[in-house]
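One is the number of the first residue; the rest follow in order along the sequence.
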Amino acid sequence: MRPHPGQEQILASRARFRVVACGRRFGKTELGKLALVCRFLQGARCWWLAPTLQMADQVWRDLKQTLAPLPEARVSESAQRIDLPGGALLAIRSTHHADHLRGAGLDFAVLDEAAFMEESVWPEVVRPMLLERRGGALFLSSPNGRNWFWQLYQLGREQTQTQWQSFRHTSVDNPLVDAEELAAIRRTTPERVFREEYLAEFLGDSGQVFDNLHAAARAPADARPQAQGHYVAGVDWGRARDYTAIVILDGERRAVVALDRFRQLGWARQRGRLQALHARWDLSRIVAESNSMGEPNIEALQQAGLPVTGFQTTAPAKRALIEALALAIESGQLALLPNEDLLNELANYTLRRRPDGSYRYGAPPGLHDDLVMALALAWHALQRSGTALAFA
């Protein structure tokens with residue numbers, strides 16, 4: 001397949017070190033494979049590096065297929081390596097255990113998802129391997145805060161650094177990406193995630209998930225149950241170190257109307273607190289975390305007649321919960337109580353990307369996120385009831 005203009009610009013660069021920050025679906029992997037194969041066929045010793053071997057698995061299959069017509073190529077499946085007579089080498093390597101990356105000199109290296117590699121990989125492992133043969137490197141990644149990849153990107157923007165050149169391309173720069181589809185993704189994606197993942201912006205390292213908190217903290221602190229009201233709740237269980245948190249939403253006004261947060265209480269007393277809130281607000285739906293001791297508590301509450309359903313909090317499920325809540329707060333769909341504990345937890349809640357591109361959501365060490373989770377479960381309950389969607 002012919003490279004699109006953005007890819008052609010990078011391939012045409014004569015810089016020894018090229019740093020490419022790009023959005024999803026720009027075509028960075030195809031770009032890297034094409035650059036690698038061209039150098040390999042010219043007799044170069046080349047490595048493709050990724051944070052994990054699993055991330056490079058499809059690349060390895062594609063490269064084998066591309067080079068299959070070469071009868072002289074020797075393929076080692078166990079070593080994930082292809083050799084040609086004369087010394088040309090192409091190999092797939094993981095940077096997960098960077099200490100193991102030792103070997104003879106290289107002519108060319110592609111560092112895929114470079115921003116998610118350990119900072120030591122480039123200066124301590126790969127760069128020395130390029131020294132003897134004056135090899136080059138292609139860094140490909142979406143941004144991950146302003147870490148070492150960002151520093152190299154800045155280096156490539158300096159005109160005095162003639163060996164370096166940097167490029168930044170958004171997802172839109174791939175002509176095969178539909179702009180309307182991208183606009184639809186933006187409407188359902190938290191702003192920080194979209195800016196980093198699709199616009200390839202280098203954002204600060206705070207990792208704050210929830211924006212617009214000051215404007216969102218507009219719900220009245222003295223709300224009372226209304227006869228025709230529609231109220232739902234989310235429950236995040238805790239006992240000793242963690243808190244149990246309960247958050248109640250008014251589905252008609254899309255606002256937090258009450259919350260409760262406590263710890264070091266037995267399960268029976270905790271259920272009693274929830275039953276008292278149910279009696280006061282006549283809750284139509286309660287979504288409670290079912291992990292660990294959640295399931296027995298849910299069963300006991302169901303037997304007592306409460307409209308409780310469980311939610312199993314896996315990593316993908318948690319991501320969906322949190323991103324839906326972040327979008328609701330950012331867009332002004334949800335009003336928050338001006339409660340100090342709630343606002344502090346939301347302000348301190350962070351997002352960190354893993355090397356595989358997934359995210360880890362949670363409170364910083366020593367802080368709590370119980371009210372965040374209870375609020376996310378309550379918003380999920382509202383969406384499931386249809387009220388939130390009707391007012392969106």
Task: Hydrophobic cluster of Leu306, others only, ordered by chain and residue number, side-chain cut-off 4.5 Å - done: Tyr231, Val235, Trp237, Ile246, Ile248, Val257, Phe262, Leu265, Trp267, Leu274, Leu277, Trp281, Leu283, Ile286, Met293, Ile298, Leu301, Val308
Open item on the list: Contact between Leu67 and Phe40 at the side-chain level, heavy atoms closer than 4.5 Å - yes or no?
Closed with: yes
Task: Student check: side-chain heavy atoms of Trp148 and Pro123 closer than 4.5 Å - done: no
- [ ] Compare all side-chain heavy atoms of Asn291 with those of Gln312 and state whether any distance is below 4.5 angstrom.
- [x] yes
- [ ] Assign the ring pair Trp164 / Phe17 to parallel, tilted or perpendicular, where the plane angle (0 to 90°) is split at 30° and 60°.
- [x] tilted
Task: Side chain proximity check, Pro307 to His278, heavy atoms < 4.5 angstrom - done: yes
- [ ] Only pairs at least two apart or in different chains count here, so list each side-chain hydrogen bond (donor to acceptor under 3.5 Å, both in side chains) that has a residue in residues 57-68.
- [x] Lys33-Asp62, Asp57-Arg61, Gln58-Arg61, Gln58-Asp62, Trp60-Glu77, Lys64-Glu77
TODO: Report the C-alpha separation of Phe149 and Met117 in whole Å, then their side-chain angles, then the decisive distance to 0.1 Å, and conclude whether the side-chain contact (heavy atoms from CB on, under 4.5 Å) test is met.
DONE: CA-CA 9 Å; Phe149 177 70; Met117 297 176 183; over 6 Å; no
Open item on the list: With a 4.5 Å cut-off on side-chain heavy-atom distances among I, L, V, M, F, W and Y, is there a chain of contacts connecting Leu321 to Leu327?
Closed with: no
TODO: Kindly determine whether His169 and Ile10 satisfy side-chain contact (heavy atoms from CB on, under 4.5 Å), including the steps that lead there.
DONE: CA-CA 10 Å; His169 289 282; Ile10 298 163; 4.0 Å; yes
- [ ] Return each pair, listed once, that meets ring pair (Phe, Tyr, Trp, His ring centres under 6.0 Å) where at least one residue sits in residues 283-334; pairs must be two or more places apart or across chains.
- [x] Phe311-His380
Open item on the list: With a 4.5 Å cut-off on side-chain heavy atoms, are Glu181 and Arg25 touching?
Closed with: no
Task: Ring centers of Phe210, Tyr349 separated by less than 6.0 Å - done: yes
Task: Candidate pair His4 and Leu176, rule side-chain contact (heavy atoms from CB on, under 4.5 Å), full reasoning - done: CA-CA 9 Å; His4 61 67; Leu176 299 179; over 6 Å; no
Open item on the list: Count I, L, V, M, F, W, Y as connected when their side-chain heavy atoms are under 4.5 Å apart, and connections chain through other members. Are Leu34 and Ile82 then in the same cluster?
Closed with: yes
Open item on the list: Do Arg14 and Gln165 make a side-chain contact, defined as non-hydrogen atoms from C-beta onward lying under 4.5 Å apart?
Closed with: no
Open item on the list: Among Arg45, Arg133, Arg39, Gln42, which residue satisfies the side-chain hydrogen bond (donor to acceptor under 3.5 Å, both in side chains) criterion with Asp107?
Closed with: Arg133
Task: Check against side chain to side chain donor-acceptor pair (under 3.5 Å), Thr52 and Gln54 - done: CA-CA 5 Å; Thr52 67; Gln54 184 178 8; 5.2 Å; no
TODO: Can you establish whether the number of heavy atoms outside Glu8 located under 6.0 Å from its atom CD is more than 12?
DONE: yes
Open item on the list: Checking Gln270 against Arg273: is there a side-chain donor and acceptor pair closer than 3.5 Å?
Closed with: no
